[in-house]
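Keep in mind that what you see is a predicted model, and the values were worked out from it rather than measured. In this chain, residues are counted from 1 in sequence order.
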Amino acid sequence: MLRRRPDGEFETVVHDARLLWPDTLPVATDGHLYVTANQLHRQPKYQRGQDLRRKPYALFRTPIDAGPVLLR
């Protein structure tokens with residue numbers, strides 16, 4: 001996963017072979033970005049009827065230098 005820095009350049013935030021079809025990217029009050037890898041592209045609908053998803057499913061957490069947007 002990449003992020004765009006204030007100068008416009010991109011940098012890698014996290015890279016892992018298990019990070020398949022990242023989804024749901026909340027930034028928590030603990031200063032971490034949480035990401036689920038839902039393997040959507042491996043579901044039978046997209047794989048000629050075969051379920052290619054692999055357990056364990058993953059939730060990634062990585063520190064970032066930003067905080068959440070808190071909604072009232």
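Distance CZ/R53 to CD/Q43: 5.0 Å, rounded to 0.5 Å. Between T62 atom OG1 and L19 atom CG the span is 10.5 Å, to the nearest 0.5 Å.
Listed by first and then second residue, the ring-ring contact (aromatic ring centres under 6.0 Å, His included) pairs that reach into residues 30-62 are W21-H41, sequence neighbours excluded.
Within the 4.5 Å cutoff, side-chain heavy atoms of R3 are placed close to those of I64. T24 places none of its side-chain heavy atoms less than 4.5 Å from the side chain of V35. Contact check for R54 versus R18: no side-chain heavy atoms found under the 4.5 Å cut-off. When side chains are defined from C-beta on, M1 does not count as touching T12, because their heavy atoms never get closer than 4.5 Å.
Heavy atoms of other residues, nucleotides or ligands lying less than 6.0 angstrom from CZ of R48 number 12 at most.
Residue V13 is grouped with residue L25 when hydrophobic side chains (ILVMFWY) are merged at heavy-atom distances under 4.5 angstrom, including chains of intermediate members. Under the 4.5 Å side-chain heavy-atom criterion for grouping Ile, Leu, Val, Met, Phe, Trp and Tyr, L52 is not connected to L40 through any hydrophobic cluster.
Closest approach of V27 to G67, counting heavy atoms only: CG1-C, 3.7 Å. Across every non-hydrogen atom of A28 and P68, the tightest pair is O-CD, 3.5 Å.
Using a 4.0 Å cut-off between charged nitrogen and carboxylate oxygen, E9 and R4 do not count as a salt-bridge pair. Looking at K45 and D51, no side-chain N of the basic residue comes within less than 4.0 Å of a carboxylate O on the acidic one, giving no salt bridge.
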